[in-house]
Amino acid sequence: MTAKRALDLIGGLILLLALSPLFPAVTLLIALRPQGLDGVLRRRVMAGREGHPFPILTFRTPGPLAALPLLLHVVRGEMSLVGPCPLVPDHRECVGEARRRLSVRPGLTGLWQISGRSELPWEERELLDLHYVDHHWLGMDLAILARTLPAVRRRRAAAGETRPARLA
């Protein structure tokens, strides 16, 4: 087992255990919504390592809570905590020169996440993914993991999703 896989397995299990109380709460919230009749989970097929397709599960809710079930894919070894952005198998980056991004597992977070995510032009996200593929090492993964939560918080604050002020 490589150090990266050990980090994925141990980190994934710790996060899964720590966040497990959220699973029933999110499930209940989704089920109570009018759209809850469509189901609680969304299933999509993504390109994994070496292009092997695998189904991923996400909650049918916008925002970071939707990604909670992806931790199961990290523990199973289909995804990594850190890696290129997951893509559908027929995406243009899954063929040709850009196919080398499939030499590693897709990640829950990566350079694309801490660098601006959806605010980035697609070409820049592609370059960040390829840079990660060509230069990744455990220290880089740890640095990306350390910068992920602050990056998500900054994006939410910039979008006006801050907590309401407390009244004294």
Side-chain angles (χ1 to χ4, degrees), residues 2 4-5 7-8 11-12 15-16 19 22 26 30 33 35 38-162:
T2 67
K4 180 172 177 62
R5 179 65 188 129
L7 174 67
D8 286 343
L15 287 169
L16 205 53
L19 299 172
L22 293 175
V26 172
I30 295 169
R33 291 184 351 202
Q35 303 91 340
D38 293 335
V40 172
L41 294 171
R42 177 180 296 124
R43 180 186 167 125
R44 295 181 296 159
V45 175
M46 301 303 251
R49 189 170 184 198
E50 304 304 329
H52 297 291
F54 70 99
I56 65 165
L57 299 173
T58 56
F59 281 125
R60 287 185 184 272
T61 181
L65 294 178
L68 284 176
L70 295 179
L71 288 168
L72 297 168
H73 298 289
V74 171
V75 171
R76 290 176 51 176
E78 297 163 328
M79 292 184 72
S80 180
L81 290 174
V82 180
C85 181
L87 299 174
V88 293
D90 60 352
H91 193 276
R92 66 178 176 85
E93 284 188 54
C94 293
V95 296
E97 156 62 16
R99 184 172 171 78
R100 75 178 195 268
R101 72 187 317 286
L102 298 175
S103 64
V104 297
R105 291 179 184 94
L108 295 181
T109 188
L111 288 173
W112 49 274
Q113 174 81 300
I114 63 173
S115 300
R117 195 178 177 174
S118 60
E119 294 83 26
L120 294 175
W122 186 256
E123 296 77 21
E124 192 170 336
R125 192 182 316 182
E126 180 179 353
L127 289 173
L128 288 169
D129 278 347
L130 293 176
H131 177 80
Y132 177 82
V133 168
D134 294 340
H135 303 285
H136 72 282
W137 61 289
L138 192 58
M140 179 186 259
D141 282 9
L142 293 173
I144 291 169
L145 286 170
R147 291 178 55 195
T148 295
L149 189 55
V152 170
R153 284 185 178 161
R154 273 193 313 275
R155 253 195 324 281
R156 291 175 81 193
E161 298 178 26
T162 58

What verdict does the side-chain contact (heavy atoms from CB on, under 4.5 Å) test give for Asp8 and Asp141, after you've listed the backbone C-alpha separation in whole Å, the side-chain angles of each residue and the deciding distance to 0.1 Å?
CA-CA 10 Å; Asp8 286 343; Asp141 282 9; 5.6 Å; no
What distance separates [X] [atom1] from [Y] [atom2], expressed to the nearest 0.5 Å?
X	Y	atom1	atom2	result
Leu68	Leu16	CG	CG	9.0 Å
His73	Met46	NE2	CE	10.0 Å
Trp112	Leu127	CH2	CG	15.5 Å
Arg100	Asp129	CZ	CG	10.5 Å
Gln113	Leu128	CD	CG	11.5 Å
Leu81	Arg5	CG	CZ	9.0 Å

Would you name the heavy atoms of [X] and [Y] that are closest together and state the gap between them?
X	Y	result
Gly48	Leu102	O-CD2, 3.7 Å
Pro53	Pro89	CB-CG, 4.2 Å
Pro84	Val133	CG-CG2, 3.9 Å
Thr148	Ile144	OG1-O, 2.7 Å
Pro106	Arg49	CD-N, 4.2 Å

Derivation of the side-chain contact (heavy atoms from CB on, under 4.5 Å) call for Arg60 and Val40
CA-CA 6 Å; Arg60 287 185 184 272; Val40 172; over 6 Å; no
Show your working on side-chain contact (heavy atoms from CB on, under 4.5 Å) between Thr58 and Leu41 and close with a plain yes or no.
CA-CA 6 Å; Thr58 56; Leu41 294 171; over 6 Å; no
Near [X] [atom1], under 6.0 Å, is it more than 12 heavy atoms from other residues, nucleotides or ligands?
X	atom1	result
Arg76	CZ	no
Trp122	CH2	yes
Arg147	CZ	no
Arg92	CZ	yes

Side chain of His135, backbone of Tyr132: donor and acceptor closer than 3.5 Å?
no
Is a donor on one side and an acceptor on the other found under 3.5 Å between the side chain of Lys4 and the backbone of Val82?
yes
Going through the distances and angles, do Leu57 and Arg42 end up as a side-chain contact (heavy atoms from CB on, under 4.5 Å)?
CA-CA 6 Å; Leu57 299 173; Arg42 177 180 296 124; over 6 Å; no
[X] side chain near [Y] side chain, heavy-atom distance below 4.5 Å:
X	Y	result
Leu120	Ser115	yes
Leu130	Arg101	yes
Met79	Pro86	yes
Val45	Val88	no

Short N-O contact, Arg105 and Glu50, less than 4.0 angstrom:
no
